[in-house]
Amino acid sequence: MSNNEHVKVPANLMRRFADDPEQADLEVFGRRSDGDRRGFLRGAGLATMGAMLGAAIPFNRNMPAGFVPEALAQKAMTVDGKDGLTVLNDRPVNAETPPHLLDDDVTPTARHFIRNNGIPPENTSADGWSLTVDGLVNNPMTLSIADLKSKFEVVTERLVVECGGNGRAFFDPPAKGNQWSLGAVACSEWTGVRYSDVLKAAGVKDNVIYTAHVGADSHLSGKDGKLAISRGVPIEKAMNPHNLIAFAMNGKELHPMNGAPLRLVVPGWPGSCSQKWLKRVWLRDVVHDGPKMTGKAYRVPKYPVEAGQKVPKGDFEIIQAMPVKSLITTPQTGIKMSGRSMKVGGHAWAGDGKVSKVDVSIDFGATWQSADLSDPANPYAWQRFGAGITFPMAGYYEVWARATDSEGRSQPFGIAWNPKGYLNNSMHRISVYVS
Ligand SMILES: Nc1nc2c(c(=O)[nH]1)N[C@H]1C(S)=C(S)[C@@H](COP(=O)(O)O)O[C@H]1N2
Ligand SMILES: [Mo]
């Protein structure tokens with residue numbers, strides 16, 4: 001199965017496809033079911049799409065082949081091997097996980113979010129895959145996945161990957177980009193080799209200051225050789241022994257949407273540093289300037305700004321470690337209780353550091369109760385917290401959670417607004433009705 005076939009169109013389209021899949025595909029998307037795109041939506045296809053939407057589509061000429069209108073895609077699209085995710089976009093595919101489905105200490109592959117900037121590669125087979133390490137190194141190398149496994153120590157670690165834009169949906173005024181609410185974060189168990197071991201074997205030259213990561217996905221425009229995203233990290237961060245070049249996720253091969261057959265996992269920093277479908281690592285003596293490294297991408301103002309403030313381009317800096325954060329994963333928000341006591345629990349994590357405490361409040365932050373907090377399974381794994389709560393009487397409550405890192409930094413109630421909608425670590429809150 002090719003990668004793009006892992007994505008299924010929405011349920012109402014699915015019904016149409018159930019009758020005569022070949023014909024429906026051709027009519028609706030103007031392409032044959034073998035994936036050969038025939039051009040733009042027109043004629044009967046346009047009429048079918050219009051009927052499904054219940055309205056004519058004035059700008060239909062601009063709709064690319066295979067395009068699923070947002071009104072149909074919302075929450076109904078499914079991705080093979082994923083379960084319960086909320087789909088934000090279909091092209092590229094972006095999907096997040098509702099908090100109550102992130103309760104496991106190790107996030108199951110089916111619940112790991114998907115953040116794609118471009119079109120995933122069709123071929124995600126480990127056979128014939130190679131990784132090139134070049135640029136300013138003494139021994140440029142091209143390695144197969146078998147080479148990686150035989151030449152380097154294989155390690156397994158639980159590592160948090162969080163999108164830099166997680167929480168953007170709560171920005172006011174809004175910030176452009178994927179409207180992630182809370183679930184663009186996960187802590188799966190990754191198996192691979194240490195990124196640092198591979199870099200050491202390649203012999204990084206003294207003048208290297210930055211890495212550059214290249215994946216096999218393509219730009220949405222389909223232009224040959226144009227990359228959707230290519231980020232990198234300072235060489236000091238690259239050498240952190242917890243970064244992995246991973247070929248397995250939760251004991252099995254990577255999910256095709258999570259970078260199969262090979263990806264970087266650079267925990268603690270924005271998820272964009274963890275290049276999927278990894279083909280090349282290039283060592284440079286300048287700050288990498290690939291797509292989404294420059295301009296305002298993955299950058300925040302160097303100083304605090306007012307919500308909505310315009311910030312000159314030169315006043316932005318590249319995001320490094322992600323801030324301390326927590327997520328209540330049990331119970332689900334909106335729970336209706338007949339008793340007065342309940343257990344609340346979830347996870348907390350803190351960029352390159354460690355969480356030192358988590359507090360919970362049921363009175364809108366007037367008083368706080370400290371939660372039990374576990375150590376991480378390994379550095380960069382999230383930490384479990386839990387607390388027993390008793391409500392004084394019937395009514396509407398909110399449970400708020402606030403994590404503090406080992407340097408004393410904790411989560412704000414409000415959002416530290418920035419133009420591109422990054423790093424929202426405001427406290428998570430859930431609603432509880434006690435009857
Ligand atoms: N090749 C490639 N790698 C990529 C991306 C991408 O679009 N292409 N997206 C990045 C971003 S922005 C994030 S947040 C993480 C998400 O990883 P996931 O999709 O496995 O959850 O992958 C990163 N690696
Ligand atoms: Mo991201």
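Order of listing sets the numbers, starting from 1, for every ligand and every atom in it. When a residue number appears, it is its place in the shown sequence, counting from 1.
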Identify all pairs of nitrogen or oxygen atoms, one from ligand 1 and one from the protein, separated by less than 3.5 Å, and list them with distances.
| residue | atom | partner | partner atom | Å |
| --- | --- | --- | --- | --- |
| ligand 1 | 1 (N) | D217 | OD1 | 3.0 |
| ligand 1 | 1 (N) | D217 | OD2 | 3.2 |
| ligand 1 | 1 (N) | Q275 | NE2 | 3.1 |
| ligand 1 | 1 (N) | K276 | O | 3.0 |
| ligand 1 | 3 (N) | K276 | N | 2.8 |
| ligand 1 | 7 (O) | N117 | N | 2.7 |
| ligand 1 | 7 (O) | N117 | ND2 | 2.9 |
| ligand 1 | 8 (N) | D217 | OD2 | 2.6 |
| ligand 1 | 9 (N) | R115 | O | 3.2 |
| ligand 1 | 9 (N) | N117 | ND2 | 3.2 |
| ligand 1 | 17 (O) | R263 | NH2 | 3.2 |
| ligand 1 | 19 (O) | R115 | N | 2.9 |
| ligand 1 | 19 (O) | K276 | NZ | 2.5 |
| ligand 1 | 20 (O) | N258 | ND2 | 2.8 |
| ligand 1 | 20 (O) | R263 | NH1 | 2.7 |
| ligand 1 | 21 (O) | H112 | ND1 | 3.2 |
| ligand 1 | 21 (O) | F113 | O | 2.7 |
| ligand 1 | 24 (N) | S274 | O | 2.9 |

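With 3.5 Å as the limit, one finds no donor-acceptor pair spanning the side chains of D103 and T330. K82 and N258 share a side-chain donor-acceptor pair at under 3.5 Å. There is no side-chain donor-acceptor pair under 3.5 Å between D105 and W382. Side chains of D147 and S144: a donor-acceptor N/O pair is present below 3.5 angstrom, by distance only.
Counting only residues at least two apart or on different chains, the ring-ring contact (aromatic ring centres under 6.0 Å, His included) pairs with a member in residues 197-247 are Y195-H213, H242-Y380.
Annotation: cation-pi pair R402/W400 absent, no NZ/CZ under 6.0 Å from the ring centroid and within 45° of its normal.
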